[in-house]
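To keep things clear, I will list the structure first and then write my remarks on it.
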Amino acid sequence: MPELPEVETVLRSIASRVTGRLIRDARYLSPLAADGEPERMAAALAGRRILEPRRKGKYLIFRLDAGWMWIHLRMTGRLLIDAPRTPWTRAILEFDDGHALVFDDPRQFGRLVWSSAPPDDAGRLGPDALDLDSVEFAARLRGRRGRVKPLLLNQRIVSGLGNIYVDEALHRARIHPLASAARLGPARLARLHQAVAEVLAEAIAAGGSSISDYVDADGRRGWFQFEHRVYGREGQPCPACGSAIRRIVLAQRGTHYCPRCQRI
DNA sequence: ATCTATTCCTGGCTGC
DNA sequence: TGCAGCCAGGAATAGA
């Protein structure tokens, strides 16, 4: 599942190859990837030049010479440079330098679209998790009476965290996923911010987590999955205390935590 | 404000 | 071996 570290890794692997490129042709092999409007999207993208690619949360955002292109990989999306077509190829962008950006996505939750405004325009997307200092981070959780895990998954509050890194950050901060955000004192909020920043930085350094599908634009897998302390480790020992990792369902998500280290 | 449930989607897994 | 049924979950949305 591409979350912030995986999207950042993809951005780094494509940035130098797309910056300044003219999109000579945009082709959709599935209307879903274009949000149901493949003709309109293809027409809007063809002939545009990519001025600057960036990332916010889990979005890849490309400033064009007219409007914007944004890509969300959701669950199983992949961006690949010059990859051969597969049954799961949903869109292909051909550049003026002869190279191509290929968007594969078996489950078709992902999107590659043109838009007149960037996706973070209408306040729908909170600040990127790596752009927040501990004061801002605490301010965005303060007064929230919801449980901490669903709040961290809410992209309007902080963007970029998904199921894996929320579980990992909460374990590092020794906070139970069911804990109420309103009851987190300054010390635990500071610890949580530190844990979020650390786990994201370490995961980026490891090229992300490759659970099933994820690879970067050159097809390379990440290795942070080997560093996971709780995610996907139900019944296995906690690296900190040896207790068996527990799995519950919270907000319709598999949620992994150590019952001994993580207190409400 | 906050919660739960539903929808989208299909490869891969489980169990018979 | 074959197949039905279920699971994974990010984000939008509806309804409580």
What is the distance from CG of A:L32 to P of B:dT7, rounded to the nearest Å? 17 Å
Partner set under ring-ring contact (aromatic ring centres under 6.0 Å, His included) for A:H171, not counting sequence neighbours: none
Does B:dT10 have OP1 or OP2 sitting under 4.0 Å from an N or O in the side chain of A:Q108? yes
A:L73 atom CG is separated from B:dT10 atom C1', nearest whole Å, by 17 Å
Taken to the nearest whole Å, CG/A:D104 to P/B:dC9 is 18 Å
Short N-O contact, A:R111 and A:D105, less than 4.0 angstrom: no
For the pair A:E136 and A:R140, find out whether any cationic side-chain nitrogen is under 4.0 Å from an anionic carboxylate oxygen. no
Decide whether A:S209 and A:Y165 meet the rule of one side-chain donor and one side-chain acceptor closer than 3.5 Å. yes
What string of B, S and - do you get for nucleotides 9-16 of chain C, 5' to 3', when a contact is any protein heavy atom under 4.0 Å? BBBSS---
Whole Å only: how far is the CD atom of A:E234 from the C1' atom of C:dA8? 14 Å
Can you tell me the distance, in whole Å, between the CD1 atom of A:I248 and the P atom of C:dA8? 13 Å
Round to a whole Å and report the spacing from CG of A:D167 to P of C:dA8. 13 Å
Net bend of the helix from B:dT2-C:dA16 to B:dC16-C:dG2, end axes of five pairs each, nearest 10 degrees: 50°
Side-chain heavy atoms nearer than 4.5 Å, only ILVMFWY residues, links allowed to pass through others: does that put A:Y28 and A:L79 together? yes
Output yes when at least one side-chain N/O atom of A:W88 is less than 4.0 Å from OP1 or OP2 of B:dC9, else no. no
Whether A:R24 and A:D96 form a salt bridge (side-chain N of Lys/Arg under 4.0 Å from carboxylate O of Asp/Glu) is what I want to check. no
Does a salt bridge link A:D218 with A:R17, judged by any charged N lying under 4.0 Å from a carboxylate O? yes
In terms of side-chain geometry, is the basic nitrogen of A:K56 or A:D131 positioned less than 4.0 Å from the acidic oxygen of its partner? no
Got a sec: does the CZ of A:R191 have more than 12 other heavy atoms crowding it under 6.0 Å? yes
Quickly work out the A:R156 CZ to B:dT2 C1' distance and round it to whole Å. 14 Å
Starting at atom CG of A:D105, determine the distance to atom P of B:dC8, rounded to an integer number of angstrom. 16 Å
May I ask you to say what A:G143 touches in the nucleic acid, namely base, sugar-phosphate or nothing, with a heavy-atom cut-off under 4.0 Å? sugar-phosphate
